[in-house]
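Remarks on the structure that follows.
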There are 2 protein chains.
Amino acid sequence: MKLTILGCHSATPTAKAHPTAQVLEMKGHLFLIDCGEGTQMQLRKYRVKFSRIRHIFISHLHGDHFFGLPGLISTFLLLGREAELHIYGPKGIKQAILLLLKLGKAYTNYPLYFHELEETTPQLIFEDDKVSVETIPLDHRVYTNGFLFKEKPDDRKLDVEKARKLNIDLSYYNKIKQGFDVENREGKLISNKEITFDPPPSKSYAYCSDTAYYPQIVPQIEGATVLYHESTFLEEHHHLCDKTKHSTAKEAGVIARKAKVETLILGHYSGRYGDLELFRKEAQEVFENVELAEDGRVFEF
Amino acid sequence: MKLTILGCHSATPTAKAHPTAQVLEMKGHLFLIDCGEGTQMQLRKYRVKFSRIRHIFISHLHGDHFFGLPGLISTFLLLGREAELHIYGPKGIKQAILLLLKLGKAYTNYPLYFHELEETTPQLIFEDDKVSVETIPLDHRVYTNGFLFKEKPDDRKLDVEKARKLNIDLSYYNKIKQGFDVENREGKLISNKEITFDPPPSKSYAYCSDTAYYPQIVPQIEGATVLYHESTFLEEHHHLCDKTKHSTAKEAGVIARKAKVETLILGHYSGRYGDLELFRKEAQEVFENVELAEDGRVFEF
């Protein structure tokens, strides 16, 4: 599981502080999560093979999370894309994108599907045999979802040596990996556990931005490998959270602790702070394993 | 007259090749011309005092010329702008921008005026006592205007020494600068020409992008101080111009020569060329004074 931060700053971007966008590589998928202005330039800068992106997840319709989407869609068109592209985002996103394309007489030459979201309880919005993606309804000024990306368990690992020793026919090996008990050549039933190892644990990534402190999400994200949680402010500006519906670094830490995640990544920093380490320190008052998102930073888990 | 190129590349942007946007400083105005994705970051990078921008001119509704506009408008809102902002662009621009703002529940706290264009003959779209701005209808795949920015002549310069010698009362000095003949203290009529110098010549800037070779514009832009003319291609790819409705560097040179402008600036380069000097060389086959636009380059005239 590999996470590339393309931008992790809030609201008004500068040449060195890009608005929210990130790429999650999971089981062969390249998922784009949010798409602030300039995302297509950031994708090129950090050499992401962005033609491989087939699914784009937009948390909410504030500009710093989706104003890069029309440009990216147009660029795919100009580069001759043929593969399907799926956009998941709040109701209204389809009308906006199609209007912009229509004004430029830029109709896509590839299949473009919109999956508009309007539910306020978690929904399964994408699934194949390797991963699933659910919405995490959040508490922000406009309708907003986080997203929970989960790997499905791998097949069990076969203990080949033991299987040979127990005289099991090769034709059963696939069934064994799928978890079945099988008979050996002598007709004796061999328990699956005896001839397999557990697969590596499945990983999960919970993306929660933008949101006020919202402990209702805890049961859904419990035990996640990685939680990205916004921390627009530090506690000294906690009074700004109510009006703006954002969180502090400490609140992000509390969510991480309650949900017993393995790693917390902070991001969506307000531009008023010079030193990002202050965010880490504050969150570490309540949760130890804290990382800081930075434009261009790559995390591997 | 000062021109700052924020971006001058066509179609698909990269981190080092920004889409079209430029700032023209003329007689105290800061005019933004086109607003491709990332313009607000470029404005910050090149330290343009962009709160001073009151007028934005959009040539056409292809993404590489206006997908940075919603973000810039939102940023003005977040920065607490109070001054009026005027947007001049093709019909449809208002609906698109207002829809995007509405989706993010981001209504502007400053007066935002749209001046939608749909005429196919030159129109005077802005005028005050110092400058005027006209549309230059162009020939592109969608409805497109260039813009002609013209300084109005300054007041005549008073020859103070001579006015004193001729015994002219101080109270007449303003009238003299405005071009009037006046009487001296002895009641003798003094011709204006005798006591004034010509003001510096008025400058003009013709912005023509995007367009096919379109000599119909020549009479309107004749004698311009500076012509910015797109040159998406070199002559070796001339066959691409018909379909895309773009020009070659040589065609830009021909327009400059026919219109007898002082300086030609080339831009809107296709990404297929490595060496921009090839554009200059080609245009110089027909017109001598050629400059190359580059992201971040500042021209003073």
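Each chain gets a letter, A, B and so on, in the order the sequences are listed, and its residues count up from 1.
Between the side chain of Ser10(B) and the backbone N or O of Tyr269(B) there is at least one donor-acceptor pair closer than 3.5 Å. With hydrogens and angles disregarded, no donor-acceptor distance shorter than 3.5 Å links the side chain of Glu118(A) to the backbone of Pro90(A). Asp295(B) places no side-chain N or O within 3.5 Å of a backbone atom of Ile5(B) that could act as its donor or acceptor partner. The closest donor-acceptor contact from the side chain of Tyr143(B) to the backbone of His140(B) lies at 3.5 Å or more, if one exists at all. Proximity of a side-chain donor or acceptor of Thr135(A) to a complementary backbone N or O of Pro137(A) within less than 3.5 Å is not detected. The backbone N or O of Thr211(A) sits less than 3.5 Å from a side-chain atom of Glu230(A), completing a donor-acceptor pair.
Counting heavy-atom pairs closer than 4.5 Å to chain B, the top-ranked of the candidates Ile93(A), Thr12(A), Asp64(A) is Thr12(A). Interface check for chain B: of the options Gln40(A), Lys91(A), His18(A), the most heavy-atom pairs under 4.5 Å are formed by Gln40(A). Heavy-atom pairs under 4.5 Å with chain A peak, among His62(B), Arg44(B), Glu37(B), at Glu37(B). Put simply, of Val142(B), Leu43(B), Leu103(B), the one with the most heavy-atom pairs under 4.5 Å next to chain A is Leu103(B). Each of Ala96(A), Gly71(A), Pro70(A) has some count of heavy-atom pairs under 4.5 Å with chain B, and the biggest count is that of Pro70(A). Taking Lys45(A), Gln95(A), Lys16(A) one by one and counting their heavy-atom pairs under 4.5 Å with chain B, the maximum is reached by Gln95(A). Most heavy-atom pairs under 4.5 Å with chain A, from the set Gly92(B), Pro13(B), Gly38(B): that is Pro13(B).
Residues from residues 74-86 of chain A that place a non-hydrogen atom less than 4.5 Å from a non-hydrogen atom of chain B comprise Ser74(A), Thr75(A), Leu78(A), Leu79(A), given in numerical order. Inspection of non-hydrogen atoms places no residue of residues 231-249 of chain A under 4.5 Å from chain B.
At a 4.5 Å heavy-atom cutoff, the contact between Leu99(B) and chain A is made by side-chain atoms alone. If you measure heavy-atom distances from Thr144(B) to chain A, you find no contacts under 4.5 Å at all. If you measure heavy-atom distances from Pro19(B) to chain A, the contacts under 4.5 Å come from the side chain alone. Only the side chain of Phe66(B) comes within contact range of chain A, with heavy atoms under 4.5 Å apart.
The six-membered or imidazole ring of His65(B) lies near that of His268(B), with a centre-to-centre distance under 6.0 Å. The distance between the ring centers of His55(A) and Phe126(A) falls below 6.0 angstrom.
A side chain to side chain contact (heavy atoms under 4.5 Å, CB included) with Tyr88(A) holds for exactly one of Phe57(A), Phe31(A), Phe114(A); it is Phe57(A).
Environment of CZ in Arg54(B): sparse, with no more than 12 heavy atoms of neighbouring residues, nucleotides or ligands closer than 6.0 Å.
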